[in-house]
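The analysis underlying the following values was restricted to heavy atoms, covering all of them including side chains, and did not include hydrogens, waters or symmetry mates.
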Amino acid sequence: MNLLKIILFELQEITNLIIAAFLGLFKSPRYFSEIIKQMDLIGVGSLPIVVLTGFFTGGVLVLQSYPTFEYYSIQNTVGKTIATSLMRELGPVLTALMVSGRIGSAIAAELGSMVVSQQIDAMRALGTDPNRKLVAPRLLALMLMLPLLTVAADIFGIIGGGIVASGIFNLDSNIYITSVRYGISTPDIIGGVVKPLFFGLIIGSIACYRGLSTTGGTVGVGRSTTNAVVLASIVVIIFDFFLSQALNTILGIRYI
C-alpha cells in the first residue's frame, strides 16, 4: 500500500511539474536561447550514438532474419520487414533508451547539483521560476528533437540492413530498396513520429523531477541520476505497449 502511495504521489508531482512548465511557456520572459541550447545539446550531441545504434540494429536484424527468410524463399521481403520493425518499434524505443541514458542522466545531474548548491533557492529568491527557465526548455527540446533523432535512426538502420543484405547475402540492392518502399506506410510514419513525442516528455519530466527533488548532498545527486535513467527507461518500455495498442487502433495498423 505504501508503494502505491509513493507511485501515485510521484505521478502527481511529475504531472504538476509538466503542467507548470508548459503554462510557463505562455508567460514572459521566454527563454528561447535556452531552448535552442538544449536542442543543440540533445539533438546534435546525441546524433552519433543514435546513428550507430540504428545502423547496427538494422544490420543485425538482417543478419539474424535473412537465413530464415531464405529458407522459406521470401528473402526478397527482408527490406519490408526491417523497415516495418524499425519504424514501428525498434527505432523509437532504442532512440528513447539511448537519449534517456545520455540526456536524462545529464539533466538529473545538472539540476540535482543546482539544488544541493542552493542555486535553485537563489533563483527563486531573485524571482525566477525554475520551471519556466530550467524545466520547460528541456521538455520542449526533448519533444522536438527526439522525433528527428528517431527518423535518423530509422534511415541509418535501413541503410545498415541494406549493406548487410547486399554485402554478406548478395541480395540485389534494387530488390532491397523496392521491398523497403513497400514496407513503409503512412500510418507507420505517423506512429514512428508520435511515439518519440511522448517518450521525450516522459524522459524530460522524470529527469527534471528527480533532479529537482535531490536530497542528501553530492551523494544524492548520483542517486537521483541513477533513479532518473532507470525509471525513465522502465516507463518508456511500459508506456510503449499501451501507446502501440492505441496507435494501432486509431491508425488502423494491421499486423499482416
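- Counting all heavy atoms, side chain and backbone alike, Pro48 lies closest to Gly45 at CD-O, 3.6 Å.
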Take Leu134 and Met114 through the test side chain to side chain contact (heavy atoms under 4.5 Å, CB included) and record every step on the way to the result. CA-CA 11 Å; Leu134 300 176; Met114 294 179 71; 3.9 Å; yes
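- From Ile14, atom CD1 reaches atom OH of Tyr209 across 6.5 Å, with rounding to the nearest 0.5 Å.
- Separating the CG atom in Leu142 from the CG atom in Leu201 is a distance of 9.0 Å, to the nearest 0.5 Å.
- Under the 3.5 Å distance criterion, the side-chain polar atoms of Thr214 are left unmatched by any main-chain donor or acceptor of Gly220.
- Counting only distance, with no hydrogens or angles, the side chain of Ser46 and the backbone of Gly43 share no donor-acceptor pair below 3.5 Å.
- Residues Ile42 and Ile206 share a single hydrophobic cluster, defined by chaining ILVMFWY side chains whose heavy atoms lie under 4.5 Å apart.
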Test side chain to side chain contact (heavy atoms under 4.5 Å, CB included) applied to Leu149 and Leu47, step by step: CA-CA 7 Å; Leu149 290 172; Leu47 188 60; 4.0 Å; yes
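- Rounded to the nearest 0.5 Å, atoms CD1 (Ile107) and CD (Gln38) are 6.5 Å apart.
- Between Leu247 and Val194, the closest side-chain pair of non-hydrogen atoms falls below 4.5 Å.
- Hydrophobic clustering (side-chain heavy atoms under 4.5 Å, transitive across Ile, Leu, Val, Met, Phe, Trp, Tyr) keeps Val180 apart from Val51.
- Expressed to the nearest 0.5 Å, how far CZ of Phe199 lies from CG of Leu97 amounts to 8.5 Å.
- Going from atom CG of Leu52 over to atom CE of Met98 covers 11.0 Å, rounded to the nearest 0.5 Å.
- Within 6.0 Å of the CZ atom in Phe169, the count of heavy atoms belonging to other residues, nucleotides or ligands exceeds 12.
- When hydrophobic clusters are built by joining Ile, Leu, Val, Met, Phe, Trp and Tyr residues whose side-chain heavy atoms come closer than 4.5 Å, directly or via intermediates, Ile7 is not grouped with Phe241.
- With hydrogens and angles ignored, the 3.5 Å screen pairs a side-chain donor or acceptor of Asn248 with a backbone N or O of Ser244.
- For Phe22, there are no ring-ring contact (aromatic ring centres under 6.0 Å, His included) partners, not counting sequence neighbours.
- Residues Cys208 and Leu111 have side chains in contact (heavy-atom distance under 4.5 Å, counting atoms from C-beta outward).
- Thr150 and Gly192 make their closest contact through CG2-O, 3.8 Å (heavy atoms, listed as atom of the first residue, atom of the second, distance).
- Not one N or O on the side chain of Ser179 forms a donor-acceptor pair closer than 3.5 Å with the backbone of Ile175.
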Using a 3.5 Å cut-off and no angle test, enumerate the donor-acceptor pairs between side-chain atoms of residues 124-133 and protein atoms at least two apart in sequence or in another chain.
from   : atom 1 : to     : atom 2 : distance (Å)
Asp129 : OD1    : Asn131 : N      : 3.1
Arg132 : NH1    : Ser28  : O      : 2.9

Set out, in order, the CA-CA distance, both residues' side-chain angles and the distance that settles side chain to side chain contact (heavy atoms under 4.5 Å, CB included) for Ile168 and Ile163, then state yes or no. CA-CA 8 Å; Ile168 296 179; Ile163 291 175; over 6 Å; no
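- Nearest heavy atom pair, residue Pro147 against residue Leu197, reads CG-CD2, 3.8 Å.
- A single hydrophobic cluster is seen to contain both Leu144 and Ile202, as judged by linkage of ILVMFWY side chains at heavy-atom distances under 4.5 Å, directly or through other members.
- Taking 4.5 Å as the limit, some side-chain heavy atom of Ile82 sits within range of a side-chain heavy atom of Tyr176.
- Atom CG of Leu140 sits about 7.5 Å away from atom CE of Met143, to the nearest 0.5 Å.
- Counting all heavy atoms, side chain and backbone alike, Ala21 lies closest to Ala136 at O-CB, 3.4 Å.
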Any chance you could lay out the side chain to side chain contact (heavy atoms under 4.5 Å, CB included) test for Ile189 and Ile184, step after step, and finish with the verdict? CA-CA 7 Å; Ile189 296 174; Ile184 298 176; 3.7 Å; yes
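- Lys195 places no side-chain N or O within donor-acceptor distance of the main-chain N or O of Glu89, the cut-off being under 3.5 Å.
- Shortest non-hydrogen contact noted between Asn227 and Arg210 is CB-NE, 4.0 Å.
- You'll find the side chain of Asp240 stays beyond 4.5 Å of the side chain of Phe198, heavy atoms only.
- Contact check for Leu148 versus Met145: side-chain heavy atoms found under the 4.5 Å cut-off.
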Let me have the donor-acceptor pairs involving side chains of residues 53-72, under 3.5 Å, with sequence neighbours excluded, atom names and distances please.
from  : atom 1 : to    : atom 2 : distance (Å)
Thr53 : OG1    : Ile49 : O      : 2.7
Thr57 : OG1    : Thr53 : O      : 2.6
Ser65 : OG     : Leu61 : O      : 2.6

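- The hydrophobic cluster containing Leu139 also contains Leu17, counting ILVMFWY residues as joined when their side-chain heavy atoms lie under 4.5 angstrom apart, directly or transitively.
- Nearest heavy-atom pair across Gly191 and Pro196 is O-CD, 4.4 Å.
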